[in-house]
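Worksheet: one structure, shown below.
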Amino acid sequence: MPDTTPAVTYGNYLKIDELLSLQQPRSEGPEHDELLFIVIHQIYELWFKELLHEFDRVSALLTGDELHRAQHTLKRILTILKVMVAQLDILETMTPLEFLSFRARLEAASGFQSDQFRQIEFVLGAKSERALARFPERSRARESLTRRYHAPTLWDAFLRYLSREGYAVPPQLLSRDVTVAPAAAPEVQQILVDIYRRDPKNAELCERLVDLDEGVQEWRYRHVKMVERTIGMKPGTGASSGAAYLATTVGKPLFPDLWEIRGRL
Ligand code: HEM
């Protein structure tokens, strides 16, 4: 029997036809800048997907005590995060009037409704039960987010790893309720101070987690500035107060213990 399977090509492997059919502007014309707006959001969603894939990997590697490979994966995550922050420059070439030319067509749609962004927040410990209810029951978004809500965070994987490394992480932190954000813990802070002073191998890992925390804060800061310059203090399409709401999310550390100790080193 001759092999009738079509040869693998760039186009069919990457599903280019399908990919290029996914940008569907809603404005009349359509307005020139709407394509950029759609493309950039789709690119972010793909990066979110890739980040979640890599976060799962880091947690698994830490759980398997494979520090070197976990750090390597963290480095990849940090590089992606840098690109994600830099990409905001592109959208900032869109002026307020260019955005207004199609903004009304977004109706109530908003990045606020990105389940993958919430999944990343959950992985990093910023859990919120209220976020679940925003997605229809049994939808892909709700199911994925619910799974992440009940799963241990990256910080939990880190604490469990430290415990196996011989550090006296309090047992109640190792079996804590993972559906809430990890709270600052003096016992962990003492461990971190010891690590920074005496354990360069694990201090390196701590530094990568600080990079990650700072990188996410950087994205939030750049996003709110972009929002301010594009729509000023107008409310968001997602019904929040807009830049004022976003400003409340900036500067909140994901891993408070790692920041708390800096002044003590
Ligand atoms: C002109 C460009 C943009 C404007 C004016 C804008 C505006 C806003 C506003 C006002 C909010 C607050 C929620 C609301 O009421 O809608 C928001 C949230 C959000 N936006 Fe944007 N955005 C822009 C671009 C982007 C891009 C490119 C992304 C990438 C995915 C993004 C992701 C998000 C996310 C994840 C949230 C939720 C943040 C949180 O709750 O902490 N936005 N955006």
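For ligands, and for the atoms within them, numbers begin at 1 and follow the listed sequence. All residue numbers refer to positions in the sequence shown, counting from 1.
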field: Mode of Y44 contact toward ligand 1 - side chain, backbone, both, neither (heavy atoms, under 4.0 Å)
entry: side chain
query: What about T230: any of its N or O atoms under 3.5 Å from an N or O on ligand 1?
result: no
Proximal ligand 1 atoms for L91, defined as those under 4.0 Å from one of its heavy atoms: 2 (C), 24 (C), 27 (C)
message: For atom 17 (C) of ligand 1, what's the nearest protein heavy-atom neighbour? Residue, atom name and distance, please.
response: H223 CE1, 3.5 Å
message: I need the nearest protein heavy-atom contact for atom 23 (C) of ligand 1: residue, atom name and distance, please.
response: M226 CE, 3.6 Å
- request: Report yes if some heavy atom in the side chain of R26 is under 4.5 Å from a heavy atom in the side chain of E107; otherwise report no.
  value: yes
message: Just to be sure I'm reading this right: ignoring hydrogens, which of L246, V224, T249 gets closest to atom 9 (C) of ligand 1? Compare them by their nearest heavy atoms.
response: L246
- prompt: With the threshold set at 4.0 Å, does a side-chain nitrogen-carboxylate oxygen contact exist between R229 and E92?
  reply: yes
- prompt: Would you say the side-chain atoms of N202 and Y196 include a donor-acceptor pair closer than 3.5 Å?
  reply: no
query: Would one find an N or O of R220, backbone or side chain, under 3.5 Å from an N or O of ligand 1?
result: yes
field: F158 and W155 aromatic centres sub-6.0 Å
entry: yes
task: Under 4.0 Å, heavy atoms only, figure out whether ligand 1 is touched by the backbone of A239, its side chain, both or neither.
output: backbone
query: Has W219 got any heavy atom lying under 4.0 angstrom from an atom of ligand 1?
result: yes
field: Contacting atoms of ligand 1, where contact means under 4.0 angstrom from a heavy atom of G236
entry: 10 (C), 14 (C), 15 (O), 16 (O)
- prompt: Is it the side chain, the backbone, both or neither of R118 that has a heavy atom closer than 4.0 Å to ligand 1?
  reply: side chain
- request: Check the side chains of Q116 and E45 for a donor-acceptor pair under 3.5 angstrom, ignoring hydrogens and angles.
  value: yes
query: At a 4.0 Å threshold, what atoms of ligand 1 neighbour a non-hydrogen atom of M94?
result: 1 (C)
- prompt: Can you list the ligand 1 atoms lying under 4.0 Å from a non-hydrogen atom of G242?
  reply: 10 (C)
statement: The closest protein heavy-atom partner of atom 26 (C) of ligand 1 is H41 NE2, 3.2 Å
- prompt: Do D194 and Y167 have a side chain donor and acceptor closer than 3.5 Å?
  reply: no
- prompt: Going hydrophobic residue to hydrophobic residue with side-chain gaps under 4.5 angstrom, can you get from I43 over to L81?
  reply: yes
query: Would you say ligand 1 has an N or O under 3.5 Å from any N or O of S240?
result: yes
message: Could you identify the single nearest non-hydrogen protein atom to atom 6 (C) of ligand 1 and state the distance to 0.1 Å?
response: V227 CG2, 3.5 Å
- prompt: Of the protein's non-hydrogen atoms, which lies at the shortest distance from atom 5 (C) of ligand 1, and what is that distance?
  reply: F99 CE2, 3.6 Å
- request: Below 4.0 angstrom from a heavy atom of S110, which ligand 1 atoms are there? Numbered from 1 as shown, please.
  value: 13 (C), 14 (C), 16 (O)
query: atom 35 (C) of ligand 1: which protein heavy atom is closest, and how many Å away?
result: F117 CG, 3.2 Å
- request: Answer yes if the ring centres of F102 and F99 are under 6.0 angstrom apart, and no otherwise.
  value: yes
Side-chain H-bond candidate by donor/acceptor type, S27 with E34, under 3.5 Å: yes
message: Is it the case that the side chain of T179 and the backbone of Y149 share a donor-acceptor pair, with hydrogens and angles ignored and the cut-off at 3.5 Å?
response: no
- prompt: Cationic tip of R118 within the cone over F112's six-membered ring, i.e. under 6.0 Å and within 45° of the normal?
  reply: yes
message: For W47 together with F117, are the ring centres under 6.0 Å from each other?
response: no
query: Looking at atom 40 (O) of ligand 1, what's its closest protein heavy atom, distance included?
result: Y245 OH, 2.4 Å
